[in-house]
Amino acid sequence: MTKLLLRALAGETLSTPPIWMMRQAGRYLPEYRATRAQAGDFLSLCYNPDLAAEVTLQPIRRYGFDAAILFADILLIPQALGADLWFVTGEGPRLSTVTSAADLARLRPADQIDERLAPVYETLAILSRELPRETALIGFAGAPWTVATYMVAGRGTRDQGPAHRLKDEDRETFSALIAMITEATIHYLSRQIEAGAEVVKLFDSWAGSLKGRDFDDFALAPARRIIAALKERHPDIPVIAFPREAGERYIGFAKATGADCVALDNSVEAEWAARAVQVDGCVQGNLDPRHMVTGGPDLVREAQRITRALRGGPHVFNLGHGITPDADPDNVTRMIDAVRSA
Ligand code: CP3
């Protein structure tokens, strides 16, 4: 029996799509909040293999999702490269910044990141032993552009202004930073696969702010390079690419990058994606995470509309972005029932 997620990613059209949720291990779950309190803080949780495996398993036990996603964060890569990283409660991440060739030169080479990241590989090893037989294990990394936006600004930004300014004013330094993150990501994801990840996902959360040639150079090209390198080493491991808010640039993204599946955010219509994107292969998505807060008949109607719109081809049901801390855990059960009865 092949796992449902792997069948969809291999291009099979299924009568019921596999289901998982971005941020499925998170603050909306009381059991997550308890384990996080036990760990002390978010980064301590990421670097504690037993507790990180425990929070990864919590939503699997509660809901029986078809996939578990490694509990970690996209910002562990900058930290492994030598940036300082901390999280301010209620505000988000803070990092030491990289804005010049001199800052870049101080970072660690991409092949020396494992000392810091070893606990992440250990989390995957635990999970590949402990997950139910039918549950697929997903590893992940941030895509270079999204990771670079945090490294340049030193924090999350609404419009990714600092990264755009460095890109426009000193393209050479910015390109060198992207190249460095790209190489580190290839190394990191290869190690995740060797530790037990059966699928990997590239999160390009800020891809939507890149236009024209910038999208080609900093969203498309790095994804293509990462996927080509992974396919060379691990040809059987499927890759999900998530160029969030790429809009029209979702068209052809899978073909241009070699991704096995493109994850759709909730700003695109599933009916449009069926015609424009799913013609090239598997798509993932794309319920608005707001429904997990509001619930009710709208949640059921929207989950079923998306399931039916994408039923004609390979589809992985998911939200269009992460579930939020104010979501009602019971709405997750309602969503799963709605998808399976659509
Ligand atoms: O999906 C999953 O459950 C797997 C684990 C995961 C986390 N972050 C855990 C997390 C994944 C895949 C990520 C990806 C991530 N991290 C992205 C890309 C996806 C996206 O959401 O757009 C980004 C941009 C980050 C960076 C990041 N991490 C920010 C901006 C924040 C703070 C915002 C917030 O929600 O508090 C985080 C923290 C974070 N990462 C949490 C979790 C569960 C919340 C931490 C906590 O427990 O307080």
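What you are looking at is a predicted structure, and each value in this text was computed from that prediction instead of being measured. Throughout, residue positions are numbered sequentially from 1 according to the sequence presented. First listed ligand is number 1; within each ligand, the first listed atom is number 1.
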Peer 1: Looking at Tyr47, does the NZ or CZ of Arg116 lie under 6.0 angstrom from its six-membered ring centre and within 45 degrees of the ring axis?
Peer 2: yes
Peer 1: How does Leu70 reach ligand 1, if at all, at less than 4.0 Å between non-hydrogen atoms: by side chain, backbone, both, or neither?
Peer 2: backbone
Peer 1: Could you give all pairs that pass the salt bridge (Lys or Arg N to Asp or Glu O under 4.0 Å) test and reach residues 142-154, with sequence neighbours left out?
Peer 2: none
Peer 1: Between ligand 1 and Gly322, can you find any atom pair, the residue atom being a heavy atom, that is separated by under 4.0 Å?
Peer 2: no
Peer 1: Any non-hydrogen protein atom below 4.0 Å of atom 7 (C) of ligand 1?
Peer 2: yes
Peer 1: Using a 3.5 Å distance criterion without hydrogens, assess whether the side chain of Gln58 forms a donor-acceptor pair with backbone atoms of Glu31.
Peer 2: yes
Peer 1: Which of the numbered atoms in ligand 1 are below 4.0 angstrom from a heavy atom of Phe203?
Peer 2: 12 (C), 18 (C), 19 (C)
Peer 1: Nearest non-hydrogen atom to atom 47 (O) of ligand 1 belongs to which of Phe42, Phe87, Tyr32?
Peer 2: Tyr32
Peer 1: Can you list every pair that meets side-chain hydrogen bond (donor to acceptor under 3.5 Å, both in side chains) and has a residue in residues 91-105, with sequence neighbours left out?
Peer 2: Glu91-Arg94, Thr99-Asp103, Ser100-Asp103, Asp103-Arg106
Peer 1: Quick check on contacts: which atoms of ligand 1 are under 4.0 angstrom from a heavy atom of Gln24?
Peer 2: 3 (O)
Peer 1: Is ligand 1 less than 4.0 angstrom away from at least one heavy atom of Ala25?
Peer 2: yes
Peer 1: Check whether any heavy atom of Met21 sits under 4.0 Å from an atom of ligand 1.
Peer 2: no
Peer 1: Using heavy-atom distances only, which candidate in Val55, Ile74, Thr146 approaches atom 14 (C) of ligand 1 most closely?
Peer 2: Ile74
Peer 1: Within the structure, is a non-hydrogen atom of Phe242 found at a distance of less than 4.0 Å from ligand 1?
Peer 2: no
Peer 1: Evaluating non-hydrogen atoms only, which member of Arg36, Lys201, Glu91, Arg27 is closest to atom 35 (O) of ligand 1?
Peer 2: Arg27
Peer 1: Any nitrogen or oxygen of Tyr150, side chain or backbone, less than 3.5 Å from one on ligand 1?
Peer 2: no
Peer 1: Output yes when the distance from some N or O of ligand 1 to some N or O of Arg23 is under 3.5 Å, and no in every other case.
Peer 2: yes
Peer 1: Does the residue Trp206 have a heavy-atom contact with ligand 1, meaning some pair of atoms that are separated by less than 4.0 Å?
Peer 2: no
Peer 1: For atom 16 (N) of ligand 1, tell me which residue out of Leu29, Asp73, Leu45 has the closest non-hydrogen atom.
Peer 2: Asp73
Peer 1: Compute the minimum heavy-atom distance from Pro93 to ligand 1 and say whether it is under 4.0 Å.
Peer 2: yes
Peer 1: Can you sort out which atoms of ligand 1 are near Phe71, meaning under 4.0 Å from one of its heavy atoms?
Peer 2: 43 (C)
